[in-house]
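Step one of this worksheet: look at the structure below.
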Number of protein chains: 2
Amino acid sequence: MSQLPRSPAKPRAFEAIVSHVETRVLSGELKVGDRLPGERELVTQFQVGRSTVREAMRVLESNGLIASRPGDPRGALVLSPSPAPLGKLITHLTHTSASSLVDLLIYRMTLESSANSLAAIRRSDADLVQLERTITLMGTARPQGQAAFSRADLDFHEVVAKASGHTLLHISAAAVRQSIEQLIARTIEESSDDEALMARTIEHHQKVFNAIRDRDAHLAEHLARSSLFEYYAHLVPADQRDALAALASFGSPDSV
Amino acid sequence: MSQLPRSPAKPRAFEAIVSHVETRVLSGELKVGDRLPGERELVTQFQVGRSTVREAMRVLESNGLIASRPGDPRGALVLSPSPAPLGKLITHLTHTSASSLVDLLIYRMTLESSANSLAAIRRSDADLVQLERTITLMGTARPQGQAAFSRADLDFHEVVAKASGHTLLHISAAAVRQSIEQLIARTIEESSDDEALMARTIEHHQKVFNAIRDRDAHLAEHLARSSLFEYYAHLVPADQRDALAALASFGSPDSV
DNA sequence: AGATGGCTACTGGTCTGACCAGTAACTGTC
DNA sequence: GACAGTTACTGGTCAGACCAGTAGCCATCT
């Protein structure tokens, strides 16, 4: 039936190590920054060969759980959650046509509008300072062309997501942002500079900043949606644009 | 600076194989159902040892790209894109970096409200039939107690997410739902039956169904939020409830 | 005493060669 | 032509070896 082999069929030795470490990380027994035993010690601990241990390490590493460096006698490092593996998976799923650019944009809009809303509620004063700085950075990046501007723009979204104080939202939004950038970088080589769009984007971000500063969660959430829509809509095929538009117009003050 | 080692530092041998296969899969050169060469042939192809090849295979396998079975002389199988690894990653992320139940609920509300909105736009007639069925199932599960009812309730959300036609949304929402259920199950052993809440939940779902049937995306999105809020708010500490409430009230027709 | 520079014992990364259980396909038989 | 047994391979695992690189120790120099 399924093309995947059924699970109870073949328990491989390295999987035991993988799930053992996973469990200990999930249970909090292994905290970020902790060290795993060296490979040779894991060999004696699990009574397996070193190649088996190494395969387990590769899986754990590929899932973003640990990182190891050659020569370091302190063993593999337990990492903090990072958007990198998530982004990689999403990118791959997208490229293999499991979903399209619209779906990615919808996903990003979903996550970031929530992050904006939360940021308005939970932001600290330090967050405001940092936000303001990224906005001015966008201004200075503007004359340097679309690529530099885009980078500054992404920075702003990153800082907002961080200010939401919601790790999950923060990380997944970053992953999706990354996937989108990769996708459109390949689709459109170099979009010509659009001075007007840049100016409007800065304006938008300023409004978002104000909303977050004034702790207006609903406004922040709505602005995130409409601003993302305006920034990316032109990349979406016309026949798929309405779904994005529906999402974007939700909560609009003038759409009721 | 960064806790992650910089990328250009140490190119490991197995990484070359990984990215080589990844590229060939992304470019379409390797299609689903194709076979990779056997490990021993990859050894000669890449001029590396077999352990190196195996580490590469483990990474590719963990990312859902390939699957290998012992004894099969035809080599590793290139898999169709599957959301399974994504779900695993998200599950892990939610378990580790879930600061609190509120954050998980916020995350779920974010994802599912979007899924509801999309479902209203993209649902097929078959989806409607399936949705209706889960609602009647909730009715029959109701006399069997809270646990059975909850299961039926989760089914409804699952079907809606699926009807959204958005793989990413669908998968991640499922992962988050599951994490929440596990967390609640650990926090509260057996919540006593709440007949009134069950009745209201069914009513809510009926309304959601109507909105999706009538293709009213905004209404569907709003209902998802308010219904989730009502269902779970009592589990959230009072001092954290406002953030959830703010999210839930966004887009409410009577909140402008 | 405190900073400095080498030394050493270990690490992870890789390779080789071996063994096992399991599978696909070929074989000869009926 | 259908079938059961054989065979030549496969992936999974282990053991032992080598290398380049690192952390921490220690003797040295200031």
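- Salt-bridge annotation for A/Arg35 and A/Asp72: present, with a side-chain N of the basic residue lying under 4.0 Å from a carboxylate O of the acidic one.
- Classification of B/Asp103 and A/Arg122 as a salt-bridged pair holds, one side-chain N sitting under 4.0 Å from a carboxylate O.
- Where B/Pro73 and A/Pro73 meet DNA chain D, the nucleotide closest to each residue was compared, and B/Pro73 sits on the side nearer the 5' end.
- Here the C1' atom of nucleotide D/dC9 and the CD atom of B/Glu39 are 13 Å apart, to the nearest Å.
- Nearer the 5' end of DNA chain C, as judged by each residue's closest nucleotide, is the contact made by A/Gly71, out of A/Ser51 and A/Gly71.
- Under 4.0 angstrom from either OP1 or OP2 of C/dC15 there lies at least one side-chain N or O belonging to B/Thr52.
- One interatomic measurement links the two molecules: CZ of B/Arg12 to P of C/dT11, which rounds to 17 Å at whole-angstrom precision.
- Distance CZ (B/Arg69) to P (D/dG12): 11 Å, rounded to an integer number of Å.
- The CG-P distance, from A/Leu77 to C/dT11, rounds to 17 Å in whole Å.
- A straight line from CD of A/Glu15 to P of D/dG11 spans 16 Å, rounded to a whole angstrom.
- If you check C/dA25, D/dT13, C/dG12 against the side chain of B/Arg74, the one that comes closest is C/dA25.
- Using a 4.0 Å heavy-atom distance criterion, A/Gln47 is classed as a sugar-phosphate-only contact.
- At the heavy-atom level, B/Arg58 lies under 4.0 Å from the strands shown only through sugar-phosphate atoms.
- Rounded to whole angstrom, the span from the CZ atom of B/Arg40 across to the C1' atom of C/dC15 amounts to 14 Å.
- Between the CG atom of B/Leu42 and the P atom of C/dC15 there is a distance of 13 Å, rounded to whole Å.
- A straight line from CE of B/Met57 to P of D/dT13 spans 14 Å, rounded to a whole angstrom.
- Proximity note for A/Val48 (side chain, C-beta onward) versus D/dC14, D/dG12, C/dG12: the nearest is D/dC14.
- Separation of atoms CG (A/Leu137) and CG (A/Asp153) is listed at 12.0 Å; rounding is to 0.5 Å.
- Using a 30° and 60° split on the angle between ring planes, A/Tyr231 and A/Phe149 fall in the tilted class, from 30° to 60°.
- Remark: the backbone N or O of B/Thr91 is paired with a side-chain donor or acceptor of B/His95 at under 3.5 angstrom.
- For B/Arg54 against C/dT14, no side-chain N or O and base N or O form a donor-acceptor pair under 3.5 Å.
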